Amino acid sequence: MTHQPVLRVMRLPDADPALPLPSYQTAGAAGADLCANLAPADRVQGVTLPPMGRALIPTGLALAIPQGWEVQVRPRSGLALKHGLTLPNSPGTIDCDYRGPLGVIVLNLGDAPFTIRHGDRIAQMVVAPAPQARFELVDALDDTVRGQGGFGSTGGAGL
Ligand SMILES: O=c1ccn([C@H]2C[C@H](O)[C@@H](COP(=O)(O)OP(=O)(O)OP(=O)(O)O)O2)c(=O)[nH]1
């Protein structure tokens, strides 16, 4: 590994201090799991999403991401496969200058209601380099073999 970024993580005042901070579950995990830090009123019953229901689930955390990096919030494959739980904006983009509450937008694509409980590991965050480009207006673009081919132009998979 060339450079390991340091992310500052702050627990919000109303967050449950008993919940773990984002954590990698294995030595090679790309994503650190994020827990649902439900509002006190939801902690007994949980938050139930009907089929096609969506909600913003708080994590109780705010981040300071170093300049030039981003955090991507992604679904967990087990929840997606077993329950159809996904993130409609996946990967959610957390900007390095954002200091507000980190939230997870969940969507139940399953055919049964799904309940998120306080403390459930509902998503994972991946820290990724995100350089800002400089956009340069030009009159023509250089030629390539692909040219304007796209959207299945190379065939395969029934295209
Ligand atoms: O899953 C997400 C996505 C975004 N955010 C926060 C952090 C991010 O930096 C900010 C803005 O997100 P984004 O740029 O995707 O939203 P937008 O709809 O373009 O809003 P804005 O105009 O505020 O940038 O919202 C989250 O907490 N969770």
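These values consider heavy atoms only, across backbone and side chains, with no hydrogens, waters or symmetry-generated copies. Along the sequence shown, residues are numbered consecutively beginning with 1. Since we're looking at a predicted model, the values are computed, not measured.
For the atom pair CG (D139) and CG (L137), the distance works out to 7.0 Å, reported to the nearest 0.5 Å. Atom OG of S23 is separated from atom CG of L34 by 9.0 Å, given to the nearest 0.5 angstrom. Going from atom CZ of R43 over to atom CZ of R117 covers 14.5 Å, rounded to the nearest 0.5 Å. Between the CD1 atom in I116 and the CD1 atom in I122 there is a gap of 5.5 Å [rounded to 0.5 Å].
Listed by first and then second residue, the salt bridge (charged side-chain N to carboxylate O under 4.0 Å, His left out) pairs involving residues 52-66 amount to none (not counting sequence neighbours). Residues in residues 140-150 take part in no salt bridge (charged side-chain N to carboxylate O under 4.0 Å, His left out) pair, two or more places apart or across chains. Contacts classified as salt bridge (charged side-chain N to carboxylate O under 4.0 Å, His left out) and involving residues 81-105 (residues at least two apart or in different chains) are not found. Sorted by first and then second residue, the pairs that involve residues 66-120 and meet ring-ring contact (aromatic ring centres under 6.0 Å, His included), not counting sequence neighbours, are H3-W69, H83-F114. Applying the salt bridge (charged side-chain N to carboxylate O under 4.0 Å, His left out) test to pairs two or more places apart or on separate chains, those with a residue in residues 18-42 are D33-R76, D33-R121.
The two residues Q124 and G31 make their nearest non-hydrogen contact at OE1-CA, 3.5 Å. The heavy-atom pair separating A55 from L49 by the smallest distance is CB-CD2, 3.7 Å. Nearest approach of L107 to P88, heavy atoms of both residues: CB-CD, 3.7 Å. For C96 against G68, the heavy-atom pair with the smallest separation is SG-N, 4.2 Å. Of all non-hydrogen atoms in L19 and G119, the two that sit nearest each other are CD2-CA, 3.7 Å. Nearest heavy-atom pair across L7 and M125 is CD2-CE, 3.8 Å.
Counting heavy atoms from C-beta on, the side chains of L61 and N37 never come closer than 4.5 Å. Using a 4.5 Å heavy-atom threshold, the side chains of V73 and L102 count as touching. Side-chain contact between T59 and C35 is absent, with no heavy atoms from C-beta onward closer than 4.5 Å.
Enclosure of atom CD in Q25 by more than 12 non-hydrogen atoms of other residues, nucleotides or ligands within 6.0 angstrom is indicated.
Under the 4.5 Å side-chain heavy-atom criterion for ILVMFWY residues, no single connected hydrophobic cluster contains both V126 and I57. Under a hydrophobic clustering in which Ile, Leu, Val, Met, Phe, Trp and Tyr are joined whenever their side-chain heavy atoms come within less than 4.5 Å, directly or via other members, V9 and V127 fall into the same cluster. In the hydrophobic clustering of ILVMFWY residues, with side-chain heavy atoms under 4.5 Å counting as a link, L21 and L63 come out together. L87 and M52 fall into different hydrophobic clusters, where Ile, Leu, Val, Met, Phe, Trp and Tyr side chains are chained together by heavy-atom contacts under 4.5 Å.
A search for salt bridge (charged side-chain N to carboxylate O under 4.0 Å, His left out) contacts involving R74 returns nothing, not counting sequence neighbours.
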